[in-house]
Each structure stands twice: as structure tokens, then as C-alpha cells.
Amino acid sequence: AVTLPLAAHQGRLLAKLENLQPEIKKLAERLRYEVSVRGKQQRWSEKVARFHFKKNLRRIITELYIRDNCHPFKATLLVWVQIPMWVCVSLALRNCSVGARGSEVQEQFSAGGALWFTDLTAPDSTWILPVSLGLMNLLIVEV
């Protein structure tokens with residue numbers, strides 16, 4: 001419910017960023033020409049010309065990001081939400097599975113399994129659950 005809209009938002013942002021690349025390339029070529037002409041007029045060294053090119057290119061790219069509302073840092077929002085969620089869910093599951101011995105939660109987890117895993121508090125000796133969970137996460141990331 002939380003990460004799906006963020007993933008869609010991230011996809012839109014990345015598409016906007018990708019669509020900006022040809023425009024950035026054209027503007028960079030034009031700026032390179034303008035800086036070289038200006039550098040010859042002002043007798044700038046190569047180092048000074050490179051400095052002015054990079055400074056102005058950074059300004060142009062920032063203006064494009066503002067115009068299209070697609071700063072690359074916004075694309076990392078999904079990661080900044082997923083990491084704390086993953087930590088909290090992992091700690092909650094861990095606390096449920098290794099809770100106080102004899103507690104009601106512990107009893108429910110020790111008798112609540114299915115198929116080959118009848119005790120959810122015991123490690124999976126067949127590694128089926130960890131491997132399948134990892135493969136499913138990989139599938140989700142790749143899709």
C-alpha cells in the first residue's frame with residue numbers, strides 16, 4: 001500500500017530523467033561551443049574554460065530538473081521508505097518468533113505452520129522458505 005505508489009512515482013521520474021538526456025546533450029554541445037568562443041575572446045586557459053563549462057552546465061541541468069520537476073534525488077525516495085519499513089518488519093517478526101518462552105504468541109507460532117514447516121519458531125532446515133523468498137524479491141525487483 002505504501003511502496004507501490006512510490007515505485008510508480010519513481011518510474012515516472014526515471015522516465016522523465018531519461019527523456020531529458022537528449023536535450024541535455026544538445027545544450028551541452030551548444031554550451032561547449034559558446035564557452036570555447038568566449039574563452040578565445042577572453043584568452044582563458046583550458047582549466048578556466050572547463051570550470052565555466054561545468055558551472056554553467058550544472059546550472060542548466062538544475063533548471064531543467066526544476067522545469068520538469070524531476071530531480072534525481074526524488075527517485076531515491078522509495079529506498080528511503082523501504083529500508084526503515086524492512087527493518088521494522090524484520091524486528092517485529094523477530095520479536096514475535098523469539099518472544100518470552102511460554103508466551104501466547106510463542107505457542108501460536110510453534111503450532112501454526114503448514115506443509116513441511118509446522119513450527120514457525122524453528123529455523124527452516126531445508127532452506128526452501130529463505131531461497132523462495134529471495135527469488136520472489138529478485139523477481140519483484142526485476143519486474
Side-chain angles (χ1 to χ4, degrees), residues 1-101 103-106 108-110 112-143:
V2 174
T3 59
L4 184 62
L6 289 175
H9 180 66
Q10 180 184 25
R12 283 193 304 272
L13 281 172
L14 292 175
K16 284 182 181 180
L17 287 171
E18 190 172 325
N19 290 337
L20 278 179
Q21 293 309 312
E23 187 175 354
I24 290 173
K25 186 176 180 183
K26 287 178 187 175
L27 290 171
E29 290 172 4
R30 183 172 162 212
L31 180 65
R32 186 178 317 273
Y33 174 74
E34 290 175 2
V35 167
S36 69
V37 169
R38 181 75 175 178
K40 288 178 184 174
Q41 290 173 349
Q42 299 291 324
R43 299 177 193 220
W44 288 340
S45 68
E46 183 66 31
K47 187 177 179 180
V48 172
R50 193 177 318 119
F51 168 77
H52 284 286
F53 172 76
K54 287 181 181 180
K55 182 180 86 170
N56 287 313
L57 183 62
R58 212 175 346 207
R59 181 185 50 78
I60 290 170
I61 290 173
T62 302
E63 289 172 0
L64 288 175
Y65 289 159
I66 291 170
R67 182 193 76 188
D68 290 355
N69 193 21
C70 62
H71 195 278
F73 185 74
K74 290 181 180 179
T76 64
L77 181 62
L78 179 63
V79 173
W80 295 112
V81 170
Q82 279 183 330
I83 290 174
M85 280 181 58
W86 177 76
V87 169
C88 290
V89 168
S90 297
L91 290 174
L93 288 173
R94 180 175 159 252
N95 289 339
C96 285
S97 65
V98 294
R101 295 284 174 203
S103 70
E104 185 177 325
V105 173
Q106 185 77 18
Q108 289 174 353
F109 275 115
S110 64
L115 302 175
W116 73 93
F117 50 93
T118 56
D119 184 2
L120 294 174
T121 61
D124 185 10
S125 59
T126 61
W127 286 84
I128 293 173
L129 285 178
V131 170
S132 63
L133 180 64
L135 290 174
M136 288 175 77
N137 280 333
L138 178 64
L139 179 69
I140 288 169
V141 168
E142 291 299 320
V143 167

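Keep in mind that the numbers below use all heavy atoms, side chains included, and drop hydrogens, waters and symmetry copies. Residue indices begin at 1 and follow the sequence shown.
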Which atom of Leu31 lies closest to which atom of Phe53, heavy atoms considered: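 Smallest heavy-atom distance, with atoms named: CD2-O, 3.5 Å.
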Minimal non-hydrogen separation, Ala49 against Trp44, with atom names: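 So the two residues come closest at CA-CE3, 4.1 Å.
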Does anything in [range] pair up under salt bridge (charged side-chain N to carboxylate O under 4.0 Å, His left out), and if so which pairs, sequence neighbours excluded?
range: residues 27-38; result: Arg30-Glu34
range: residues 6-26; result: Glu23-Arg67
range: residues 42-59; result: Arg59-Glu63

Candidate pair Leu17 and Leu14, rule side chain to side chain contact (heavy atoms under 4.5 Å, CB included), full reasoning: CA-CA 5 Å; Leu17 287 171; Leu14 292 175; 4.3 Å; yes
Calculate, to the nearest 0.5 Å, the distance between atoms [atom1] and [atom2] belonging to [X] and [Y] respectively.
X: Ile61; Y: Leu27; atom1: CD1; atom2: CG; result: 9.0 Å
X: Leu139; Y: Leu135; atom1: CG; atom2: CG; result: 9.0 Å
X: Met85; Y: Ile83; atom1: CE; atom2: CD1; result: 12.0 Å
X: Ile24; Y: Leu57; atom1: CD1; atom2: CG; result: 7.5 Å

Beyond-backbone contact of His71 with Ile66, side-chain heavy atoms, under 4.5 angstrom: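 Not touching, per the 4.5 Å side-chain cut-off.
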Check: Leu13 and Leu77 side chains under 4.5 Å, non-hydrogen atoms: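 Counting from C-beta outward, Leu77 and Leu13 never come under 4.5 Å.
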Evaluation steps, side chain to side chain contact (heavy atoms under 4.5 Å, CB included), between His9 and Leu78: CA-CA 9 Å; His9 180 66; Leu78 179 63; over 6 Å; no
Contacts of type side chain to side chain contact (heavy atoms under 4.5 Å, CB included), residue Ser36, not counting sequence neighbours: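 With neighbours one apart ignored, the set is Tyr33.
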Pairs where residues 75-86 contributes a residue and the test side-chain hydrogen bond (donor to acceptor under 3.5 Å, both in side chains) is met, not counting sequence neighbours: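 Listed once each, the pairs are Thr76-Trp80.
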Within residues 127-137 or reaching into it, pairs that qualify as side-chain hydrogen bond (donor to acceptor under 3.5 Å, both in side chains) - sequence neighbours excluded: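 side-chain hydrogen bond (donor to acceptor under 3.5 Å, both in side chains) check on residues 127-137 returns no pairs.
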